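Only heavy atoms go into these numbers, but all of them, side chains included; no hydrogens, no water, no symmetry mates. The shown structure was predicted, so the numbers you read here are calculated from the model rather than taken from an experiment.
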Amino acid sequence: MTHLKPETTALLEDIERRIDPETEDALDARWLRFLNGEWEEDIFRPWRDRDRLTPPGTELTFVNINDALADFDAMIVSEMNGVSRTLGGSGSNLAVRTNYGSAILATLFGAEIFEMPRHTNTLPTVRSFNSTDRIREMIEAGAPDLCTGFGARVFACGEIFREIGEAYPKIGRYVSVYHPDLQGPLDICELLWGEEMFYAMYDEPELVHAALSLITQTYIRFMDKWFGLFPCGAEMNVHWSHIRHKGRIALRCDSAMNLSPELYKEFAVPYDRILLERYGGGIMHFCGRGDHYIALLCSQPMLTGVNMSQPHLNDMEIIYQNTVDRGIPLVGFPPDRAYADAARGFHHRMQVAP
């Protein structure tokens with residue numbers, strides 16, 4: 001196995017010792033009942049039995065995200081610290097990822113990586129091209145090398161996580177290495193293009209479609225390579241520490257809050273559909289307002305759930321009518337808002353964060 005620092009090995013050994021298969025199997029079973037529509041209560045909040053929780057046996061050291069970006073050992077510690085904390089006190093998932101931010105795919109096309117100031121301890125992004133001519137050049141250049149930008153680091157870190165799973169059987173069985181944050185085609189297009197993308201939807205729609213098509217095909221190449229490292233079925237998968245879902249992918253479409261339903265239908269739906277169909281379904285995350293296009297989103301036949309972060313910016317009755325009332329789960333939902341709205345009923349399709 002890749003050489004790791006003694007303190008990293010000690011952390012892994014402590015996690016391996018503390019994982020209780022019976023506890024994790026019980027949590028898996030609860031989640032499956034919810035995802036299969038069999039949960040008895042209207043709201044599902046996952047939990048581990050308190051008498052089986054175990055405190056960390058090693059000191060957990062803080063890792064600044066900038067250090068984790070530069071050093072695989074630091075990335076392993078940063079992610080595994082969360083696993084250790086979860087074993088000590090919550091119903092969250094035992095889960096890690098190659099945590100290089102939301103612009104991984106954008107970096108493959110040559111967008112300049114922008115690391116945040118160290119004191120912010122925040123994931124990096126990219127500087128947009130802010131140039132339609134650069135987008136033309138990107139399209140003309142065609143499929144990028146998957147190991148440019150953050151690509152090489154993502155896959156190398158993934159290899160280390162796989163080696164850890166092979167060396168520590170309980171970690172390999174119960175700690176999910178969920179797929180990197182590739183966002184969704186429209187989000188990546190905006191990250192690359194900048195605000196000019198929105199003008200181009202009116203002025204040069206064919207160019208926008210060409211860019212989205214190239215991004216979508218690159219997404220597929222990248223994700224196929226990832227699933228070569230970490231194969232998974234479509235019955236149940238983990239994303240973040242607080243969500244599980246049917247299907248193999250979690251898409252994001254934060255950029256859609258800026259679009260009319262008509263533009264969303266033209267520039268987001270077709271490309272999201274390609275990915276959802278290829279990977280056996282999945283969930284969609286969005287920040288901000290989505291009630292104006294939620295009906296279109298939830299008409300995707302392979303959509304298995306919706307995750308939203310800011311209910312207060314939405315007409316939630318419209319959201320509920322198009323999700324839980326149609327049998328589409330809301331996952332990772334803020335518990336305070338869920339319990340406040342509980343009287344209207346969620347058809348056993350509401351999952352709140354632990």
Side-chain angles (χ1 to χ4, degrees), residues 100-114 124-151 154 180-225 249-279 282 284-290 292-297 299-303:
Y100 292 89
S102 60
I104 293 168
L105 212 66
T107 69
L108 304 187
F109 292 98
E112 179 188 352
I113 296 170
F114 182 81
T125 185
V126 292
R127 297 183 188 274
S128 300
F129 295 150
N130 292 313
S131 166
T132 297
D133 287 340
R134 286 289 303 276
I135 294 297
R136 295 184 199 281
E137 292 169 5
M138 180 188 86
I139 295 167
E140 186 175 340
D145 183 344
L146 296 181
C147 288
T148 55
F150 273 135
V154 166
D181 184 357
L182 299 193
Q183 292 288 297
L186 188 65
D187 282 8
I188 296 302
C189 196
E190 185 187 358
L191 279 171
L192 288 165
W193 206 327
E195 65 183 20
E196 289 188 27
M197 179 189 76
F198 298 106
Y199 296 102
M201 287 178 174
Y202 293 96
D203 298 336
E204 300 182 84
E206 299 85 359
L207 187 64
V208 180
H209 282 297
L212 288 167
S213 180
L214 176 59
I215 291 166
T216 302
Q217 293 308 310
T218 303
Y219 188 112
I220 289 170
R221 291 171 53 229
F222 196 103
M223 200 63 82
D224 283 355
K225 182 171 181 174
I249 60 171
L251 292 171
R252 284 99 157 146
C253 202
D254 298 334
S255 299
M257 67 177 175
N258 298 307
L259 301 183
S260 67
E262 293 77 18
L263 290 176
Y264 176 79
K265 182 178 182 180
E266 179 176 356
F267 293 106
V269 170
Y271 304 100
D272 292 340
R273 179 179 295 133
I274 290 170
L275 297 175
L276 290 170
E277 290 178 351
R278 183 176 183 89
Y279 296 110
M284 178 67 75
H285 163 83
F286 66 87
C287 293
R289 184 185 167 210
H292 58 302
Y293 67 85
I294 190 69
L296 289 165
L297 168 60
S299 295
Q300 294 270 27
M302 297 297 288
L303 184 76

Shortest non-hydrogen pair, Cys287 vs Met257, comes out as O-SD, 3.9 Å
Taken in chain and number order and not counting sequence neighbours, the residues that satisfy salt bridge (Lys or Arg N to Asp or Glu O under 4.0 Å) with Glu204 are Arg136
Practice task
Quick one: do Leu192 and Ile215 satisfy side-chain contact (heavy atoms from CB on, under 4.5 Å)? Show the steps, please.
Solution key: CA-CA 10 Å; Leu192 288 165; Ile215 291 166; 4.1 Å; yes
Scanning both residues in full, the closest heavy-atom pair of Met201 with Leu259 reads SD-CD2, 3.7 Å
Distance-only criterion, 3.5 Å: show the donor-acceptor pairs between side-chain atoms of residues 102-114 and protein atoms not counting sequence neighbours.
residue: Thr107; atom: OG1; partner: Ile104; partner atom: O; Å: 2.7
residue: Thr107; atom: OG1; partner: Phe150; partner atom: N; Å: 2.9

Across all chains, not counting sequence neighbours, the ring-ring contact (aromatic ring centres under 6.0 Å, His included) partners of Phe222 are Phe155
To the nearest 0.5 Å, atom CZ of Arg289 lies from atom CG of Asn258 at 11.0 Å
- Evaluate the side-chain contact (heavy atoms from CB on, under 4.5 Å) criterion for residues Ser299 and Lys265: first the C-alpha distance (whole Å), next the side-chain angles of each, then the deciding distance (0.1 Å), finally the verdict. CA-CA 11 Å; Ser299 295; Lys265 182 178 182 180; over 6 Å; no
Sorted by chain and number, sequence neighbours left out, salt bridge (Lys or Arg N to Asp or Glu O under 4.0 Å) with Arg221 holds for none
Closest non-hydrogen contact found for Tyr219 with Ala250 is OH-O, 4.3 Å
In short, Tyr264 meets Ala256 closest at the heavy-atom pair CD1-CB, 3.6 Å
Applying side chain to side chain contact (heavy atoms under 4.5 Å, CB included) to Asp224 and not counting sequence neighbours gives Ile220, Arg278, Tyr279
Distance-only criterion, 3.5 Å: show the donor-acceptor pairs between side-chain atoms of residues 207-214 and protein atoms not counting sequence neighbours.
residue: His209; atom: ND1; partner: Tyr271; partner atom: OH; Å: 2.6
residue: His209; atom: NE2; partner: Glu266; partner atom: OE2; Å: 3.0

Residues passing the side chain to side chain donor-acceptor pair (under 3.5 Å) test with Thr132, sequence neighbours excluded, are Trp193, Glu196
The complete set of salt bridge (Lys or Arg N to Asp or Glu O under 4.0 Å) pairs with one or both residues in residues 249-264, sequence neighbours excluded, reads Asp181-Arg252
Hits for side chain to side chain contact (heavy atoms under 4.5 Å, CB included) against Gln300, two or more places apart or cross-chain, chain-then-number order -> Val269, Asp272, Arg273, Leu276, Leu303
One should read off an interatomic distance between Ser128 OG and Glu195 CD, to the nearest 0.5 angstrom, of 9.0 Å
Separation between CD (Gln183) and SG (Cys189), nearest 0.5 Å, reads 13.0 Å
When rounded to the nearest 0.5 Å, the distance separating CD of Gln217 from CG of Leu275 is 8.5 Å
Sequence neighbours excluded, the answer for ring-ring contact (aromatic ring centres under 6.0 Å, His included) partners of Phe198 is none
For Pro144 and Thr218, the nearest pair of non-hydrogen atoms, with its separation, is CD-OG1, 3.5 Å
Given side chains that start at C-beta, do those of Pro185 and Phe267 come closer than 4.5 Å, heavy atoms only?
no
Asp145 meets the salt bridge (Lys or Arg N to Asp or Glu O under 4.0 Å) criterion, sequence neighbours left out, with none
Contacts of Asp203 meeting salt bridge (Lys or Arg N to Asp or Glu O under 4.0 Å) (sequence neighbours excluded), chain-then-number -> none
